[in-house]
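Report on the following structure.
Counting from 1, the numbers follow the sequence of the chain as shown. Heavy atoms only: backbone and side chains are in, while hydrogens, waters and symmetry mates are out.
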Amino acid sequence: MLAAVMLAAGVLSGCGKNQENPAEDSLAEVTAEWAVTSKAAVLETENMFTDRDVSGEYDPADAACIQLEGESLTITEAGVYILSGSLEDGMIIVDGDESAKIQLVLNNVEISNSRGAAIYVKQADKVFITLPEGTTNTLSGGDSYESLDDNHIDGIIFAKSDLVINGAGSLLISAVTGHGIVSKDDLKVTGGSLTVTAPGHGLSGKDSVRIGGGTEAADSVEAVDSMEAVDSTETADSMEAADSTKAADVMNESGAAMPSLHITSGKDGIHSENADKEDKGFVYIAGGSITIASKGDCISADAYLQIDGGSFNLTAGKGSVEKTAAWDEDGSEISTKGIKAAGGMILNEGSFTINSQDDALHSDSSLYIAGGSFEIAAGDDGLHAEETVTVAGGTIDITTCYEGIEGKDVVISGGSIRLYATDDGLNAAGEGSSKLLISGGTLYVNADGDGIDSNGDLSVTGGEIYISGPESNADGAIDYEGTAQITGGKLMALGSSGMAMNFGESSTQGAALINTVGGKAGTEVRLEDEKGNVLISYTAESSFDSLVVSCPEMVQGGSYLLYAGNEEYTFTLEDLIYGQGFGGFGGGMGPRPGNGERPEMPGGGERPEMPGNGERP
């Protein structure tokens with residue numbers, strides 16, 4: 001399932017290093033590999049859904065109509081089955097040939113089963129659960145799960161085969177114990193309005209979970225309310241049902257709408273995990289409306305995760321107001337991230353509102369954002385990757401977090417980012433070889449720690465960067481361990497003077513560090529040339545007594561006038577780099593709002609302790 005295009009971490013890890021200009025060489029290789037505006041992929045998405053997965057089509061004339069009664073119904077043959085009525089303490093069992101494709105059409109079905117699943121697929125190639133428009137179907141139970149065979153059944157819908165849910169009707173699932181919907185193969189949801197409440201996972205697919213496949217607005221489909229279900233399993237060939245045939249014709253001609261999911265879960269909302277195969281356990285979402293409130297992660301993939309569209313409203317754990325880790329009854333830490341992937345994560349499009357107790361977006365590999373809109377409140381990091389975080393597009397608003405964007409390497413090549421962080425705004429947190437590379441986009445940072453921080457090199461070749469913070473002398477608006485270079489773009493970085501740093505001499509664009517001007521939050525700062533032209537301006541979001549300013553119009557030999565409220569400062573760039581700072585410390589990846597230690601201050605002074613006492617899981 002892996003696509004030819006891989007994540008930026010793989011590019012960075014193989015970069016050669018030019019001793020004179022290491023950051024710029026790395027940036028050139030990264031931006032050559034990734035187009036700023038094009039979509040990216042970790043998955044081959046062309047064959048994610050078949051036509052039958054999406055359509056939900058069926059012809060009542062070729063279906064068996066069944067009125068539910070008694071305690072259970074067992075289906076053993078391939079075909080289409082229209083189910084009506086209810087089962088009390090009962091179960092639908094599918095036990096067909098391993099090559100059988102079976103479609104269950106739920107026509108206002110009610111099934112409760114306190115002793116196990118409501119629908120159990122023991123064997124089939126693929127089972128389709130179709131929800132006709134206008135129907136409301138209710139499945140509940142799971143007080144306990146009796147063992148019917150060697151399979152461990154632990155969901156209201158439990159399938160040993162591929163499972164597809166489609167249509168335009170409603171499905172309500174309520175579990176007392178266990179999970180909502182489980183497939184031990186691929187789980188696909190391509191239509192319908194699903195409301196799932198479960199103390200375990202909401203949706204769980206071992207090999208994959210795939211959501212979408214339809215269109216955002218489908219033509220209206222006549223409900224199959226006119227079908228008169230019969231009390232037998234005979235096919236509808238003998239039924240005089242002109243209305244049913246008419247309904248089927250309309251359904252076949254119409255488009256399929258995107259699904260709508262409302263999930264409340266005691267573990268992950270959407271979960272895919274397969275420890276046996278590296279290319280399985282992925283999540284792919286192409287669209288739909290998804291609302292999740294989970295005590296665990298809202299969306300979790302054991303392998304890769306890719307989102308190409310959809311609307312998401314996600315609340316993980318107790319939300320961003322809770323700054324400490326979550327623990328279960330056994331003393332194990334619970335992951336409470338908004339969207340998490342053990343492999344690469346790519347977000348191409350979508351509208352995301354995320355309120356998470358831990359990281360909002362987290363990859364154990366690399367994270368790439370090509371587009372979409374994000375409103376994020378996180379108890380820990382807004383965006384976090386163990387390898388590379390790349391933002392190439394989209395609109396990202398992080399209203400609260402510990403660190404805004406953190407990865408071994410951080411690459412910003414496009415998009416619009418605004419964030420407030422109680423520690424670092426951007427943090428390239430690897431050991432020594434990290435890269436923080438900015439070539440495009442617009443970035444507003446308000447940070448109590450370092451504004452932008454690289455444990456290795458820092459390179460700015462384009463974009464617009466505006467930084468407020470820190471107010472404490474223990475951090476700097478710009479902080480790096482290796483080299484820092486600016487060759488393009490605009491930058492205004494306001495902060496404290498104690499740890500202030502400027503760009504290095506390898507820069508080809510002028511930059512000035514000035515520690516003799518300052519102001520409070522709300523102070524307008526602007527730079528003018530000798531003719532009074534405003535080159536760059538920014539209104540401070542916190543108090544400052546130091547600033548770094550750079551823009552393409554700053555050239556060697558040029559004179560400039562800097563205004564900070566009522567203060568004025570005139571300077572001439574005899575060299576491209578004007579003013580040298582103290583030199584800073586890079587912040588390491590690892591401690592969550594917790595007990596991380598910073599290097600000693602010069603002169604024996606102590607840095608203030610970091611807030612909190614937890615460590616990142």
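- Using a 4.5 Å heavy-atom cutoff, the side chains of His271 and Ser204 are in contact.
- A heavy-atom distance below 4.5 Å is not found between the side chains of Ile354 and Thr315.
- Comment: Lys340 engages Asp297 in a salt bridge, judged by a side-chain N to carboxylate O separation of less than 4.0 angstrom.
- Side chain of Asn455 to main chain of Glu431: no donor-acceptor pair is present (N/O by atom type, distance under 3.5 Å, no hydrogens or angles).
- In this structure, Arg210 is not positioned above the aromatic face of Tyr284 in the sense of NZ or CZ being under 6.0 Å from the six-membered ring centre and within 45° of the axis.
- The closest side-chain heavy-atom distance from Leu305 to Leu347 is below 4.5 Å.
- A heavy-atom distance below 4.5 Å is found between the side chains of Asp154 and Val182.
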Inset, instruction - Start with the C-alpha distance between Asp397 and Arg418, add both sets of side-chain angles, then the distance that settles salt bridge (Lys or Arg N to Asp or Glu O under 4.0 Å), and finish with yes or no. - result: CA-CA 5 Å; Asp397 186 6; Arg418 183 179 293 273; 5.7 Å; no

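- Judged by distance alone, the side chain of Lys435 and the main-chain N or O of Ser433 form a donor-acceptor pair under 3.5 Å.
- Thr336 contributes no side-chain N or O that, together with a main-chain N or O of Ser356, makes up a donor-acceptor pair within less than 3.5 Å.
- Remark: the backbone N or O of Asp381 is paired with a side-chain donor or acceptor of Asp359 at under 3.5 angstrom.
- Ionic pairing of Asp358 and Lys337 is present here: one or more N-O contacts between side-chain nitrogen and carboxylate oxygen are shorter than 4.0 angstrom.
- Side chain of Ser454 to backbone of Gly482: no donor-acceptor contact under 3.5 angstrom is found.
- A donor-acceptor pair under 3.5 Å is formed between the side chain of Ser496 and the backbone N or O of Ser472.
- For the pair Ile465/Thr442, no side-chain contact is recorded, criterion being any heavy-atom separation below 4.5 Å from C-beta on.
- Counting only distance, with no hydrogens or angles, the side chain of Asn473 and the backbone of Gly498 share a donor-acceptor pair below 3.5 Å.
- Taking the salt bridge (charged side-chain N to carboxylate O under 4.0 Å, His left out) definition, one finds that Asp330 meets it with nothing, sequence neighbours left out.
- Each of Leu139, Leu163, Val189, Ile156 was checked for a side chain to side chain contact (heavy atoms under 4.5 Å, CB included) with Ile181, and the lone residue meeting it is Leu163.
- A donor-acceptor pair under 3.5 Å links the side-chain atoms of Asn274 to the main chain of Asp276, judged by distance alone.
- A salt bridge does not link Lys520 to Glu541: none of the charged nitrogens lies less than 4.0 Å from a carboxylate oxygen.
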